[in-house]
Novice: 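Let me begin by handing over the structure; questions about it come next.
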Amino acid sequence: MAASTKLVGEGVKKAPAEEEPRVLGPGAAPFGNFPYYSRFHPPEQRLRLLPPELLRRLFPLQSPETRPILGLDVGCNSGDLSVALYKHFLSLRDGETCSGASKEFRLLCCDIDPVLVERAEKECPFPDALTFITLDFMNQRTRKVLLNSFLSQFGRSLFDIGFCMSITMWIHLNHGDHGLWEFLAHLSSLCRYLLVEPQPWKCYRAAARRLRKLGLHDFDHFHSLTIRGDMANQIVQILTQDHGMELICCFGNTSWDRSLLLFRAKQTIDTHPIPESLIEEEKERNRLRFWRQ
């Protein structure tokens, strides 16, 4: 287990230790649970867009009483990106550990696939700081039990920041328009800040096409989705208009054309003003976009 305390909820089972790892092709991973996902979408592509000091700039007033910063990584797969984000934000080099790091930043990482979670637990180099659990985030009862169990260890009711990296499409395809809306509602109610990497619509078509090539049935909701087109903009609209968040920064696009969007819950405005440096960086990005058009 990648944490000193295990979280166990009803209906959540660990894969038996003797179970052989499955070998799934991309089209046979209907929830995005690809083995070795990071081999074709390396974490470095996201990290190069994110300032290492981001958490320190978002939470400059964290006192010893309110530490550590608590993060939630939804859809962590086998944990490669989770570990990379942790090292990046704490400025840790490869092979470097910091004995006090878990007091600065703790990350709860969840995925629907128990085999991937077990791999993440075994390979995590920071077992005191990263907790991996098997969780279907759309299961409201189990979600509440497991997330509250983690938060209660720190006397908290909310996560400081949530990470939703290339997960929205899988929620959308498997749970429909209302499922995507609900998913974003749950995340926004749990996190003061939210970093989202939406998949563009072309990825939806590619995922459906892969299923058909394998002779599998199509995603139940694919043809009935009315939320479509510019998915980054659609998610911005849902989070800002329906769920009380504001977009404070777009960090740019990865090499596979996915934007990294940072949102903040509006109720945190008074206690945590937006860092001026982030505002200026976003203005500069907007100027660059204008001149490139």
Side-chain angles (χ1 to χ4, degrees), residues 24-52 54 73-78 80-82 84-85 88 111 161-175 177 179-181 183-184 187 193-213 218-219 221-223 225-240 245-263 278 281-293:
L24 297 178
F31 299 102
N33 50 324
F34 309 113
Y36 308 110
Y37 172 82
S38 62
R39 291 182 182 177
F40 48 97
H41 282 161
E44 293 75 23
Q45 285 294 320
R46 281 105 166 195
L47 301 184
R48 68 181 179 82
L49 298 173
L50 298 171
L54 177 63
D73 184 11
V74 181
C76 65
N77 197 268
S78 56
D80 294 323
L81 180 57
S82 310
L85 286 168
H88 184 68
D111 197 274
I161 186 166
F163 301 94
C164 178
M165 313 297 278
S166 287
I167 298 303
T168 52
M169 178 183 76
W170 303 109
I171 297 294
H172 201 188
L173 286 171
N174 286 286
H175 297 276
D177 288 337
L180 175 64
W181 192 93
F183 173 71
L184 295 173
L187 270 183
Y193 287 86
L194 189 57
L195 184 66
V196 184
E197 180 192 35
Q199 290 104 320
W201 185 254
K202 64 182 179 182
C203 294
Y204 286 65
R205 294 196 300 266
R209 186 167 57 248
R210 288 194 299 262
L211 276 189
R212 290 194 296 271
K213 283 185 176 179
D218 213 338
F219 291 99
H221 299 278
F222 179 63
H223 296 290
L225 298 178
T226 60
I227 300 174
R228 55 175 62 214
D230 184 343
M231 292 308 300
N233 184 60
Q234 293 278 21
I235 285 170
V236 168
Q237 295 303 311
I238 294 171
L239 283 171
T240 57
M245 301 202 91
E246 62 175 344
L247 177 65
I248 62 172
C249 190
C250 174
F251 292 107
N253 285 19
T254 64
S255 60
W256 51 87
D257 195 30
R258 298 182 194 176
S259 53
L260 294 179
L261 307 172
L262 181 65
F263 298 85
L278 279 182
E281 286 172 11
E282 179 64 1
K283 287 180 180 177
E284 180 61 24
R285 288 191 182 93
N286 287 334
R287 282 194 290 269
L288 289 173
R289 289 192 194 102
F290 175 79
W291 288 112
R292 287 169 181 166
Q293 289 175 353

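Note that the numbering runs from 1 along the sequence shown for the chain. Quantities reported herein were computed from a predicted structural model and do not represent experimental measurements.
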Novice: Working to the nearest 0.5 angstrom, can you tell me the gap between Met245 CE and Leu184 CG?
Specialist: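 Reported value, rounded in 0.5 Å steps: 10.0 Å.
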
Novice: So, using salt bridge (Lys or Arg N to Asp or Glu O under 4.0 Å) as the criterion, who are the partners of Arg212 when residues are at least two apart?
Specialist: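 Expected list: Asp218.
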
Novice: Supply the atom-to-atom distance Asn77 CG to Ile167 CD1, rounded to the nearest 0.5 angstrom.
Specialist: 8.0 Å

Novice: Using the side chain to side chain contact (heavy atoms under 4.5 Å, CB included) definition, which of the options Leu194, Leu54, Val196, Leu247 pairs with Leu262?
Specialist: Leu54

Novice: Please examine the side chains of Met231 and Met169, heavy atoms only from C-beta on, and report whether any two atoms are closer than 4.5 Å.
Specialist: no

Novice: Please enumerate all residues that pass side chain to side chain donor-acceptor pair (under 3.5 Å) together with Ser259, with sequence neighbours excluded.
Specialist: none

Novice: Spell out, as yes or no, whether a donor-acceptor pair under 3.5 Å connects the side chain of His175 to the backbone of Phe183.
Specialist: no

Novice: Might you point out which heavy atoms bring Leu261 and Ala232 nearest each other, and give the distance in Å?
Specialist: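 The answer is CD1-O, 4.2 Å.
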
Novice: So, using ring-ring contact (aromatic ring centres under 6.0 Å, His included) as the criterion, who are the partners of Phe219 when residues are at least two apart?
Specialist: none

Novice: Using the side chain to side chain donor-acceptor pair (under 3.5 Å) criterion, which residues pair with Trp181? Sequence neighbours excluded.
Specialist: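 Trp181 satisfies side chain to side chain donor-acceptor pair (under 3.5 Å) with Asp242 only.
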
Novice: Does any part of the side chain of Cys76, heavy atoms only, come nearer than 4.5 Å to the side chain of Phe163, both counted from C-beta?
Specialist: no

Novice: Might you point out which heavy atoms bring Trp201 and Gly229 nearest each other, and give the distance in Å?
Specialist: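 That would be CB-O, 3.2 Å.
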
Novice: Return each pair, listed once, that meets salt bridge (charged side-chain N to carboxylate O under 4.0 Å, His left out) where at least one residue sits in residues 252-262; pairs must be two or more places apart or across chains.
Specialist: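 Applying salt bridge (charged side-chain N to carboxylate O under 4.0 Å, His left out) to every pair that reaches into residues 252-262, excluding sequence neighbours, yields Lys202-Asp257.
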
Novice: Who pairs with Gln199 by side chain to side chain donor-acceptor pair (under 3.5 Å), at least two apart in sequence or on another chain?
Specialist: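 Per chain and number, Gln199 pairs via side chain to side chain donor-acceptor pair (under 3.5 Å) with Thr168.
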
Novice: If I take atom NE2 from residue His88 and atom CG from residue Leu81, how far apart are they, to the nearest 0.5 angstrom?
Specialist: 10.5 Å

Novice: Checking Gln45 now: which residues fulfil side chain to side chain donor-acceptor pair (under 3.5 Å) with it, not counting sequence neighbours?
Specialist: Arg48, Ser255

Novice: Mind checking what makes side-chain contact (heavy atoms from CB on, under 4.5 Å) contact with Glu44, not counting sequence neighbours?
Specialist: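 With sequence neighbours excluded, Glu44 shows a side-chain contact (heavy atoms from CB on, under 4.5 Å) to Pro42, given in chain and number order.
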
Novice: Say you draw a straight line from CZ of Phe263 to CG of Leu187; how long is it, rounded to the nearest 0.5 Å?
Specialist: 11.0 Å

Novice: Could you walk me through whether Glu197 and Thr254 pass side-chain contact (heavy atoms from CB on, under 4.5 Å), step by step?
Specialist: CA-CA 9 Å; Glu197 180 192 35; Thr254 64; 3.6 Å; yes

Novice: Out of curiosity, Phe222 CZ to Arg205 CZ, how far, rounded to the nearest 0.5 Å?
Specialist: 7.5 Å

Novice: Side-chain contact test, heavy atoms from C-beta onward, threshold under 4.5 Å: evaluate it for Leu50 versus Leu195 and give yes or no.
Specialist: yes

Novice: List in chain and number order the residues that pass side-chain contact (heavy atoms from CB on, under 4.5 Å) with Asp177, two or more places apart in sequence or in another chain; answer none if no residue qualifies.
Specialist: His172, Leu225, Thr226, Ile227

Novice: Roughly how far, to the nearest 0.5 Å, is OG1 of Thr240 from CD1 of Ile235?
Specialist: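 Going from CD1 on Ile235 over to OG1 on Thr240, the span is 11.5 Å.
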
